[in-house]
Each structure stands twice: as C-alpha cells, then as structure tokens.
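Letters A, B, ... mirror the listed sequences (proteins, then strands); counts begin at 1.
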There are 2 protein chains.
Amino acid sequence: MPRAGLDRAAVVGAGAALADEVGLTGLTMGLLADRLGVRTPSLYKHVAGQDDLIRGIAALALHETAEAVGGAVQGRAGSDALAAAARAFRAFVVEHPGRYAATIGQEPSGPEDPLAEAGERLLGAFTAVLRGYEIDGPAVNHALRMLRSLCHGFATLEAAHAFQWSTDIDQSFEWLVAFADRGLRAM
Amino acid sequence: MPRAGLDRAAVVGAGAALADEVGLTGLTMGLLADRLGVRTPSLYKHVAGQDDLIRGIAALALHETAEAVGGAVQGRAGSDALAAAARAFRAFVVEHPGRYAATIGQEPSGPEDPLAEAGERLLGAFTAVLRGYEIDGPAVNHALRMLRSLCHGFATLEAAHAFQWSTDIDQSFEWLVAFADRGLRAM
DNA sequence: AGCTTTTAGCTAACTTCATTAGCCGCATCT
DNA sequence: AGATGCGGCTAATGAAGTTAGCTAAAAGCT
C-alpha cells in the first residue's frame, strides 16, 4: 500500500474545495477521504477531527479573502478602493460559499490563532479603505462594522439564493456600494 | 402510557425554543424528544423529519420576525420607523439566534409555502418603512436589499460573537441605523 | 548498506443520530 | 360495548464521526 503523501495543508485544501462543491453541511469525512484516495480514519493523522478540519478551512478562507481584498485595494483610494474591496469580497464568497461558510461562528482561541491573524489582515484591508474618507475617532470602528455587516450580509444572502425577485443582483450590489460611498463621503 | 397531547405546533415550538438554547446545530431529535417527555420516534408522527422540523422552525421564526417588525413600525414614519424596525429585527435575532439560524438557506417551495408568506410579510414591513423616504422605481428594491443585508449581516455577526474589539455594539448599531437613515433621506 | 525509529495508512469496533417498521393501547364516536 | 384511528412505544437499520491497535513505508543514524 503506497503512501498518499498527505499533510495537513493538503487535507484542509481538499476539504475547502469539497465544501465549495457540496456545501459545508455536505462535507463529510468519508467523502473527503474518498476524494483523497484514502480511508476515513487516515484523515485523523492530519486533522484532529471534523471541527479542527472546519477551523482549518475557515483560516484558509479568511487568509484568501484577506489576500483578495488586500490585493484589490492596492494602488486605489477613496471610492475606487471601497468598490474594489467590496467587489473582491463578494466575488470570493460567491465563488467559494463552502469555504466562507466555515468561517461563520468561529471564535479564535487567542492572538496566536491563524484564524485571528487572517481576520486582522482582512480588517486591516478595510481599515485602509476607510483612510480615504474623513472619518476619525470611534466612528472608524462603527464604519468598519457597518461595512462588514453590509458585505457579509449581502454576500451570504446571495450565496443562499435569498434574493428572490427578478431585480438584477449585480445592479443591487453596485447601488449598495455607491450608497455606502456617498454616506461615508458625507461625514 | 398516558398520551402527551402533542401536535405539530407544539413540536415545532419546542424545537424552536431548544434551538435558541443549544444552537441550531445542537438541536437533535433525541434532545427534543426528551424535552417533550416522549421517545424519539414519536416525533415523526408530527414532523416528517429533521429537515421538516427546521423548515417549520424557520417559518415560525419568520412569522414572529414579521410580527415584531410590523408591530414596531405601526404608527411611526420616516427615521422613527426605520430605527424601530431595525431595532426590532436585531432584538429578535439576538434573543432567538437558533430560530433565526433555521431561516438561513431555506428556499420556499412555492407561493403557498408558509415560509414564503411570512417572508412576504416581513418584506412588506420594510417596504412600508421605505415609503417614508422619497425613493421610487427600481431603487426601492435596491434599498430593500441594502437594508436586509445590513440588518441580517449585523444581527448574525453579533449572534456569532464576531465583533471582537471593545467598542460598544449598541452604539455601533445606532450609528449604523443613523447612517442608513441619512443616506436614504439624501436621495 | 543495514538497523532503528517514526509515522501514515489500514482494519475493526464503538457511539451517536436520524429514520423506518411494526406493535399496541388510549380516545372518540356510534 | 365495540370498532376505528391515531399517538405513543420497542426494535432494528444505516450513515457518520471517532478511537484503538496493527503494519509497512519512509526517514534518520551509524
């Protein structure tokens, strides 16, 4: 029986891909093992269990989101930066709904947690966006939470097919981004 | 063996209460049966299975949310109505996180579905709020989606303890509501 | 190279849960 | 009282996560 050459990153990566395909609730240890050409218990040599696997997927997703948003913001400022950041965030969630779903409800154990680190980086990207507006003091935190709620809410609702009527979703999103931009500039 | 006198509403109601206590993922058929003083298979006389149970909880939650938001809007208009609706929505989600979680990812089967009906009523309440602003045409739908994303995003993030720093969450919410109000009035 | 040590993968077994099949007594209606 | 239907029960099945313990492949050492 030749070795499969797995490690934690390979297992978590395949788990993330599988979660995007079949949904986070459809992600089963047996299915993942099949996908990797291995028997189920072998996965436990690389991850401590399903919870640990999902935490790993969440950390990966947050890392990738921060990467995408951070990259989109590079070289832009003000309204452009806001629009680019929001679009990058939404695109990531819609293309990777399973991964992103793994991040919901995860609480980092400490400042060392890779989950916390990736979260900080994502936060930093949005903070950079806000520097293009004239906001100071505690309003920065409020505005960050507002942007996060808006992006998170829209993207998760879209991923869940929760927008029913026929009005174009892309248009709604652009409208929403412009709305936030106007509001932030008017402070 | 005396009868327990259950019916669908009792099972769904107890399921919703239990979901609020232990979280939707912690809601198990066995636990619910215990809570009702009955053996697990007996539940299947009232609900078709766990999926059906959760659909029932979702319909109940949406109905209650529509009730709360609709009631809060009564007799108010403009900024007052918006603030009251948003506060009622947030309060419901934070007090009933399990119930509300059941609504996520549910797609109504048809216009007859109680889920769809309750959703329509909730939508109607927010539509009524928007009547206090001067918005017309397709912008109404965009604004509705914006408000929904904002409320849904904030409330679910709060319920998941996703706001880490120490800035007061109530203040952020009030700030966010005022932000949306200013933006809508400036159209 | 040969020996040792580590470790990734395996089989077998256990547990928890959802679900189904089939039985039986309570409650109501005539 | 007797018939009937419905709500509860026990028993059994199957899927999924997890653990224990074995074995052989890889990696390291002399």
Side-chain angles (χ1 to χ4, degrees), chain A residues 1-60 98-99 101-107 109, chain B residues 1-60 98-99 101-107 109:
Chain A
M1 45 195 89
R3 292 236 179 151
L6 296 181
D7 59 4
R8 175 169 235 267
V11 171
V12 169
L18 192 51
D20 287 339
E21 286 177 39
V22 300
L24 186 64
T25 57
L27 173 62
T28 179
M29 299 298 272
L31 200 56
L32 178 55
D34 273 2
R35 180 66 60 100
L36 290 166
V38 123
R39 300 303 186 124
T40 307
S42 305
L43 298 179
Y44 290 79
K45 297 290 180 176
H46 305 289
V47 293
Q50 204 174 30
D51 288 355
D52 183 43
L53 170 65
I54 291 179
R55 275 184 83 79
I57 294 174
L60 175 63
R99 266 167 172 75
T103 66
I104 298 173
Q106 297 288 348
E107 307 195 35
S109 53
Chain B
M1 47 194 90
R3 295 242 177 145
L6 296 182
D7 59 5
R8 175 170 237 266
V11 171
V12 169
L18 191 52
D20 287 338
E21 286 176 39
V22 301
L24 186 63
T25 58
L27 173 62
T28 177
M29 297 298 273
L31 200 56
L32 177 55
D34 273 1
R35 180 66 60 99
L36 290 166
V38 124
R39 299 304 184 124
T40 306
S42 305
L43 299 179
Y44 290 79
K45 297 289 181 177
H46 305 290
V47 294
Q50 203 173 32
D51 288 354
D52 183 43
L53 170 66
I54 292 179
R55 276 184 83 80
I57 294 174
L60 175 64
R99 266 167 171 75
T103 67
I104 299 173
Q106 297 288 347
E107 307 195 35
S109 53

To the nearest angstrom, how far is [X] atom [atom1] from [N] atom [atom2]?
X	N	atom1	atom2	result
B:L32	C:dC17	CG	P	13 Å
B:D51	C:dA18	CG	C1'	10 Å
A:K45	C:dT11	NZ	P	14 Å
B:D52	C:dT19	CG	P	10 Å
B:I54	C:dA18	CD1	C1'	12 Å
A:L6	C:dC10	CG	C1'	14 Å
A:R39	D:dT23	CZ	P	18 Å
B:D34	C:dA18	CG	P	12 Å

If you compare all heavy atoms of [X] against all heavy atoms of [Y], which two are closest, and at what distance to 0.1 Å?
X	Y	value
B:R35	B:L18	NH2-CD1, 3.3 Å
B:I57	B:G15	CD1-C, 3.6 Å
B:A17	B:R99	N-NH1, 3.7 Å

Requested in this report: Report the residue (A:A48 or B:H46) whose heavy-atom-nearest nucleotide on DNA chain D is the more 5′ of the two.
Outcome: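 Residue closer to the 5' terminus by nearest nucleotide: B:H46.
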
Requested in this report: Any chance you could measure B:R8, atom CZ, to B:L53, atom CG, to the nearest 0.5 Å?
Outcome: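 Answer rounded to 0.5 Å: 8.0 Å.
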
Requested in this report: Starting at CD of B:Q50, measure out to CG of B:L43 and round the result to the nearest 0.5 Å.
Outcome: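 Reported to 0.5 Å precision, the distance equals 10.5 Å.
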
Query raised in the report: Once each nucleotide of nucleotides 11-17 of chain D is scored for protein heavy atoms under 4.0 Å, what B/S/- sequence comes out, 5' to 3'?
Result: B----SS

Query raised in the report: For D:dG7, does OP1 or OP2 lie under 4.0 Å from any side-chain N or O of B:S42?
Result: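 No, because none of the side-chain N or O atoms of B:S42 sits under 4.0 Å from OP1 or OP2 of D:dG7.
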
Report task. Kindly write out the residues that satisfy side chain to side chain donor-acceptor pair (under 3.5 Å) with B:R39, not counting sequence neighbours, or none if the list is empty. Result ->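 With neighbours one apart ignored, the set is empty.
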
